[in-house]
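Just so we're on the same page: letters track the sequence lines, and every chain starts at 1.
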There are 2 protein chains.
Amino acid sequence: MPDTARDKILKQSLIFSSLNADELAELSALAIERRFQPDEFVFWEGDAPDYFYIVVEGRIKVRKYASSGKEFIIAFFGPGEMFGEVAVFENKPYPASAQTAAATRILGIQKDKYLSFLANHPRVAISTINVLGGRLRDAQNRLKDLAGERVEQRLARTLLMLSAKLGPTLPFTRQELADMAGTTTETAFRITSQLKEREIIRSVRGKITILDADKLRLLGEGPPQV
Amino acid sequence: MPDTARDKILKQSLIFSSLNADELAELSALAIERRFQPDEFVFWEGDAPDYFYIVVEGRIKVRKYASSGKEFIIAFFGPGEMFGEVAVFENKPYPASAQTAAATRILGIQKDKYLSFLANHPRVAISTINVLGGRLRDAQNRLKDLAGERVEQRLARTLLMLSAKLGPTLPFTRQELADMAGTTTETAFRITSQLKEREIIRSVRGKITILDADKLRLLGEGPPQV
DNA sequence: CGCCTATTTGAAAACCGTCAAAGTATGTGG
DNA sequence: CCACATACTTTGACGGTTTTCAAATAGGCG
């Protein structure tokens, strides 16, 4: 019996939205489902890439460790989003580790199977190209930010980026925010503390709420030169 | 009369290596050629994306400006490499500016034409996916580096990355190196000066030669803790 | 209730950016 | 062929941002 919830996620997923019911069923047949508890690892940086994945339910954190031991969070992914794709499309080891941030269900599709599927479904190939293009754009934006902006700007932009995806209430700790913006917990705290005083954000343990996105956007633009 | 030099570049290009002669001719017919003097701009950040490009001859520098006015060099591209693709595949304005770093010939293919070409040539679509995957991997690596490492490590890794692509002699100024590593000219100079004293690199105006990649790799790993 | 994690605060120092300035190669025009 | 302009290189001093280290508090989960 087909799993309709699974098909629904596939259908809603940006990459597969162009498929009809038959094609979705075909794709669905290729996929295996895996379930994880919070904080389990789906794969580790350096693992051989057999599968790429799509989140059905829950949340995935993709992280990479610097030589100093410090970690950097490359991205979070939620339902309908794919991850682990860089490794698969390049046939090299996973460049980062994927860890669940909640109880999570994911669909895995074997590399070779997906590649032949793509060969027969050019629209999906083009969708995949679009998704990768978008990720590349995001990555380049963040590169520029990390290279040229102050921590305050980086944090403001990180918050805005997350909020664009997840809405005004963000389920992240300061630690995670710091790891996404490329700074330390303490500095992240000091800055967010100021933002709280200025009533731009609010925060409780593990959650950050954006109160005034406009002011945050101004902050992200640059130092208050006037 | 077909331009054989052009076809040769297309053939050598990673994305189109799977095409046969007829398909290459078909693709070549879609392309227009543009020629530039050094330091001219092919497109500016924010321009509408009509074309994506492939370098035939010369060198392209892709840069992006931070709100502080500081610029960041996202990438350099040489013969056979494509650029401007992020904008085209996402149908959003170019996310960065492209400037020639030498007398340069490029091929431009119109967005819509390329997308239909992809639809009929799944192998090219998959090649495109591979190239994008590789770029995404590189971008994520650099993200991690910029976020967590000291300038010395960032410079060391930038040099290694460039050298992996271009060989031991790199045609860059300290200014450009600084803009790629996300630091200032002065700091870049101070660090490279040390590297020169330790005989890890050599440099003359506008050129940097890597003498000892192993030592550089050690430096890139992290601070000399032992 | 106790442990673990997240939050919060403080002080000192390191790192790096900024400003200022001078020297030096490269190429251009006279 | 030389003078000059330009851009790249080089050096020094200072100050600010951010990291680092240390420690105390508080909230949530078992």
> Passes ring-ring contact (aromatic ring centres under 6.0 Å, His included), A/Tyr114 versus A/Phe52? Steps please.
Replying inline: CA-CA 9 Å; A/Tyr114 189 63; A/Phe52 93 101; 4.4 Å; yes
>> Would the base of D/dT20 count as contacting A/Arg190 through its side chain, where contact means a donor and an acceptor less than 3.5 Å apart?
In response: yes
>> Nearest whole Å is fine: how far is C/dC16 C1' from B/Leu155 CG?
In response: 12 Å
>> Heavy-atom nearest nucleotide on DNA chain C for A/Arg174 versus A/Ala147: which residue maps closer to 5'?
In response: A/Arg174
> For D/dT11, does either OP1 or OP2 sit under 4.0 Å from a side-chain N or O belonging to B/Ser193?
Replying inline: yes
>> Taking 4.0 Å as the cut-off, does a side-chain nitrogen or oxygen of A/Thr187 come that near to OP1 or OP2 on D/dT18?
In response: no
> CG of B/Leu146 versus P of C/dG17: gap in Å, rounded?
Replying inline: 12 Å
>> Taking donor-acceptor contacts at under 3.5 Å, does the side chain of A/Glu186 reach the base of D/dC21?
In response: yes
>> Does a side-chain N or O of B/Lys207 approach OP1 or OP2 of D/dT9 to a distance below 4.0 Å, or not?
In response: no
>> What is the separation between atom NZ on A/Lys70 and atom C1' on D/dT20, rounded to the nearest whole Å?
In response: 10 Å
> For A/Thr183, which contact category applies under a 4.0 Å heavy-atom criterion: base, sugar-phosphate, or nothing?
Replying inline: sugar-phosphate
> With a 3.5 Å cut-off and just heavy-atom distances, do the side chain of B/Arg150 and the base of D/dT18 make a donor-acceptor pair?
Replying inline: no
>> B/Phe77 vs B/Tyr53, test: ring-ring contact (aromatic ring centres under 6.0 Å, His included). Steps then yes/no.
In response: CA-CA 11 Å; B/Phe77 294 116; B/Tyr53 298 96; over 10 Å; no
>> Please give me the minimum heavy-atom distance between B/Pro79 and B/Val56, naming the atom from each residue.
In response: CB-O, 3.5 Å
>> Run A/Phe72 and A/Tyr65 through ring-ring contact (aromatic ring centres under 6.0 Å, His included) and show every step you take.
In response: CA-CA 6 Å; A/Phe72 179 70; A/Tyr65 292 87; over 10 Å; no
> What are the two closest heavy atoms between A/Val55 and A/Gly78, and how far apart are they?
Replying inline: CB-O, 3.3 Å
> Rounding to a whole Å, what distance do you find between B/Phe189:CZ and C/dA20:P?
Replying inline: 20 Å
> So what does B/Thr173 touch, heavy atoms closer than 4.0 Å: a base, only the sugar-phosphate, or nothing?
Replying inline: sugar-phosphate
> CD1 of A/Ile191 versus C1' of D/dT19: gap in Å, rounded?
Replying inline: 12 Å
> C/dG17 C1' sits how many Å from A/Gln153 CD, rounded?
Replying inline: 15 Å
> For B/Lys196 and D/dT11, what is the distance between atoms NZ and P respectively, to the nearest whole Å?
Replying inline: 8 Å
>> I want to confirm an ordering. Mapping B/Arg205 and A/Phe172 to their closest nucleotides on DNA chain C, which one lands closer to the 5' end?
In response: A/Phe172
> Could you state the CZ-C1' distance from B/Arg202 to D/dT9, rounded to the nearest angstrom?
Replying inline: 17 Å
